[in-house]
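Heavy-atom basis, side chains included; hydrogens, waters and symmetry copies ignored. Positions are given from 1, in the same order as the sequence printed here.
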Amino acid sequence: TSPTAGRIHLSGEDITDLKDRALRPYRRDMQIVFQDPASSLDPRQKAGDIVGEYLKIHHRMTKQALYERVAELFVKVGLRPAQMENYPHEFSGGQRQRLSIARALSLNPKIIVWEEAVSALDVSIQAQVINLLCDLQDEFNLSYLFIAHDLAVVEHISHRVAVMYLGRIVELAEKTELFREPLHPYTESLLDAVPVPDPTLERDRKIIQGDVASPINRPSGCHVRTRCLSVF
């Protein structure tokens with residue numbers, strides 16, 4: 001799919017218009033982990049084959065070296081090497097996501113895109129996976145593009161946050177600055193919409209009203225302007 005606008009840069013290189021063979025070396029540097037591991041893992045492949053598939057495509061390795069590398073990745077994400085013989089349906093939801101993470105790490109990428117990667121997991125499992133992501137980022141010096149709706153998760157894992165509305169970034173700031181003093185009305189309304197655990201704690205909430213405009217016929221100027229008048 002060709003981008004409709006903008007440019008894509010990886011490590012200072014413009015890769016927007018690269019195709020096939022020219023793009024192949026860059027594919028090793030970019031990986032993605034999807035929201036639902038059950039639908040992104042081949043149910044007919046064993047777990048070890050799933051994690052080792054990228055290694056077979058991009059690297060020439062002996063069978064023994066491949067086995068050892070996959071086993072190492074299993075241990076790294078908190079799985080047992082013996083589970084390499086299992087199929088995806090034999091794993092829990094959290095384990096399947098760990099399997100997806102192991103696959104993404106296999107090529108030692110520079111950046112990993114997390115597409116709602118923990119939203120389908122139970123809260124307790126979310127915490128385990130998020131802690132794992134933070135540990136892996138420190139260990140391998142990875143860059144993350146973390147896409148999420150859960151502001152608590154965003155605050156925990158992010159360094160810099162971009163708030164989007166109708167496909168446009170409306171605010172971009174360091175995490176601490178954004179959560180302490182949001183500048184855009186939409187960002188402020190998002191933070192005010194977070195439930196407060198103490199029912200006795202009162203605060204002046206500025207919850208945005210109205211309906212989201214059509215992405216086909218977007219408002220001119222700031223996309224949120226048609227909803228700001230009813231709140232601010």
Side-chain angles (χ1 to χ4, degrees), residues 1-20 22-42 47 50-55 57-59 73 76-79 88 93-121 125-175 178 190 215:
T1 301
S2 300
T4 56
R7 312 298 297 176
I8 303 170
H9 293 265
L10 181 65
S11 300
E13 299 290 332
D14 188 343
I15 64 171
T16 311
D17 300 318
L18 296 183
K19 303 293 183 182
D20 302 329
L23 187 60
R24 185 182 176 91
Y26 294 97
R27 294 187 187 277
R28 293 192 289 266
D29 295 333
M30 305 176 289
Q31 294 298 319
I32 185 169
V33 176
F34 295 97
Q35 177 178 1
D36 182 12
S39 62
S40 61
L41 301 175
D42 189 341
I50 290 173
V51 174
E53 184 175 12
Y54 293 171
L55 292 168
I57 294 173
H58 290 277
H59 297 290
L73 289 166
K76 189 68 66 178
V77 299
L79 298 173
Q95 288 176 325
R96 283 195 290 265
Q97 199 60 296
R98 290 172 185 267
L99 192 60
S100 298
I101 295 170
R103 178 175 62 180
L105 289 172
S106 63
L107 296 177
N108 296 316
K110 295 178 180 178
I111 181 171
I112 299 179
V113 178
W114 305 92
E115 196 275 314
E116 294 280 5
V118 297
S119 63
L121 306 177
I125 305 301
Q126 276 189 13
Q128 295 176 18
V129 173
I130 290 170
N131 289 334
L132 172 63
L133 301 190
C134 292
D135 292 341
L136 293 173
Q137 186 176 44
D138 292 339
E139 181 177 353
F140 296 104
N141 194 29
L142 294 166
S143 293
Y144 289 164
L145 176 58
F146 198 87
I147 304 166
H149 289 88
D150 190 327
L151 293 179
V153 172
V154 171
E155 185 175 15
H156 183 80
I157 201 171
S158 301
H159 295 91
R160 190 168 59 155
V161 181
V163 179
M164 298 188 69
Y165 182 85
L166 279 180
R168 175 185 291 178
I169 294 177
V170 297
E171 184 165 358
L172 176 64
E174 297 297 317
K175 174 187 68 177
L178 185 133
L190 284 180

Visitor: Applying side-chain hydrogen bond (donor to acceptor under 3.5 Å, both in side chains), name anything that partners Gln126, two or more places apart in sequence or on another chain.
Guide: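 Counting only residues at least two positions away or on another chain, Gln126 forms no side-chain hydrogen bond (donor to acceptor under 3.5 Å, both in side chains).
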Visitor: Are there over 12 heavy-atom neighbours, none belonging to Lys175, within less than 6.0 Å of that residue's NZ?
Guide: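 Counting other residues, nucleotides and ligands, NZ of Lys175 exceeds 12 neighbours.
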Visitor: List the residues meeting side-chain contact (heavy atoms from CB on, under 4.5 Å) with Ser106, not counting sequence neighbours, and say none if there are none.
Guide: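 Testing Ser106 for side-chain contact (heavy atoms from CB on, under 4.5 Å), a comparison that skips the adjacent residues, returns Tyr54, Leu55, Leu73.
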Visitor: Taking only residues two or more places apart in sequence, or in another chain, which ones meet Tyr144 in a ring pair (Phe, Tyr, Trp, His ring centres under 6.0 Å)?
Guide: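 Trp114.
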Visitor: Surrounding CG of Asn141 (heavy atoms of other residues, nucleotides or ligands, distance under 6.0 Å), is the total greater than 12?
Guide: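 Counting other residues, nucleotides and ligands, CG of Asn141 stays at 12 neighbours or fewer.
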Visitor: So with a 6.0 Å cut-off around NE2 of His159, is the heavy-atom count from everything else above 12?
Guide: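 Not more than 12 within 6.0 Å, no.
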Visitor: Kindly write out the residues that satisfy side-chain hydrogen bond (donor to acceptor under 3.5 Å, both in side chains) with Gln31, not counting sequence neighbours, or none if the list is empty.
Guide: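 Gln31 satisfies side-chain hydrogen bond (donor to acceptor under 3.5 Å, both in side chains) with no residue once adjacent residues are dropped.
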Visitor: Passes side-chain contact (heavy atoms from CB on, under 4.5 Å), Val113 versus Met30? Steps please.
Guide: CA-CA 8 Å; Val113 178; Met30 305 176 289; over 6 Å; no
Visitor: Do you know the tightest heavy-atom contact between Val33 and Ala104?
Guide: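 Heavy atoms of Val33 and Ala104 come nearest at CG2-CB, 3.8 Å.
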Visitor: Working to the nearest 0.5 angstrom, can you tell me the gap between Glu53 CD and Ile57 CD1?
Guide: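 Those atoms lie 5.0 Å apart.
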Visitor: With Tyr165, which residues qualify under ring pair (Phe, Tyr, Trp, His ring centres under 6.0 Å), at least two apart?
Guide: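 Once residues adjacent in sequence are excluded, the partners of Tyr165 under the ring pair (Phe, Tyr, Trp, His ring centres under 6.0 Å) criterion are Tyr186.
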Visitor: Side chains of Ile112 and Ile101: closer than 4.5 Å at any heavy-atom pair?
Guide: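 A side-chain contact under 4.5 Å is absent here.
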Visitor: Please collect all side chain to side chain donor-acceptor pair (under 3.5 Å) contacts where either partner lies in residues 149-158, sequence neighbours excluded, each pair once.
Guide: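 For residues 149-158, and leaving out neighbouring residues, the side chain to side chain donor-acceptor pair (under 3.5 Å) pairs sorted by first residue read Glu116-His149.
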Visitor: Could you work out, with side-chain contact (heavy atoms from CB on, under 4.5 Å) as the rule, every residue matching Ala127, not counting sequence neighbours?
Guide: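 Expected list: none.
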Visitor: Could you state the interatomic distance from NE2 (His9) to OG1 (Thr16), rounded to the nearest 0.5 Å?
Guide: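 Separation between the atoms: 5.5 Å.
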Visitor: What's the shortest heavy-atom distance between Ser100 and Leu41, and which atoms?
Guide: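 Heavy atoms of Ser100 and Leu41 come nearest at OG-CD2, 3.7 Å.
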Visitor: Answer yes or no: is there a side-chain heavy-atom contact under 4.5 Å between Leu105 and Leu142?
Guide: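 Yes, close enough: below the 4.5 Å cut-off.
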Visitor: Could you report the tightest heavy-atom contact between Pro88 and Asp42, atom names first, then the distance?
Guide: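 Smallest interatomic distance, heavy atoms only, reads CG-O, 3.5 Å.
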Visitor: Partners of Asp17 by salt bridge (Lys or Arg N to Asp or Glu O under 4.0 Å), sequence neighbours excluded?
Guide: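 For Asp17, the residues satisfying salt bridge (Lys or Arg N to Asp or Glu O under 4.0 Å) (neighbours in sequence not counted) are Arg7.
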Visitor: If we ignore hydrogens and angles and just use 3.5 Å, is the side chain of Gln35 paired with the main-chain N or O of Ser119 as donor and acceptor?
Guide: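 Judged by distance alone, no pair lies under 3.5 Å.
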Visitor: Could you tell me the separation between the CZ atom of Arg98 and the CG atom of Leu121, rounded to the nearest 0.5 Å?
Guide: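 Going from CZ on Arg98 over to CG on Leu121, the span is 9.5 Å.
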Visitor: Would you compute the distance between atom CD of Gln97 and atom OG of Ser40 and round it to the nearest 0.5 angstrom?
Guide: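 One gets 6.5 Å once the value is rounded to the nearest 0.5 Å.
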Visitor: At what distance, to the nearest 0.5 angstrom, does CD1 of Ile169 lie from CE of Met164?
Guide: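 Ile169 atom CD1 to Met164 atom CE measures 5.5 Å (nearest 0.5 Å).
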Visitor: To the nearest 0.5 Å, what is the distance between CG on Leu136 and CG on Asn131?
Guide: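 Rounded to the nearest 0.5 Å, the CG-CG separation comes out at 11.0 Å.
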Visitor: Quick one: side-chain contact (heavy atoms from CB on, under 4.5 Å) partners of Ser143, sequence neighbours excluded?
Guide: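 Ile111.
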Visitor: What heavy-atom pair brings Ala173 and Arg160 nearest, and what distance separates the two atoms?
Guide: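 Looking at all heavy atoms of both residues, the closest pair is O-CG, 3.3 Å.
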Visitor: For Leu18, what residues pass the side-chain contact (heavy atoms from CB on, under 4.5 Å) criterion, not counting sequence neighbours?
Guide: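 For Leu18, the residues satisfying side-chain contact (heavy atoms from CB on, under 4.5 Å) (neighbours in sequence not counted) are Ile15, Ala22, Leu23, Tyr26.
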Visitor: Could you work out, with side-chain hydrogen bond (donor to acceptor under 3.5 Å, both in side chains) as the rule, every residue matching Arg28, not counting sequence neighbours?
Guide: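 Here no residue qualifies.
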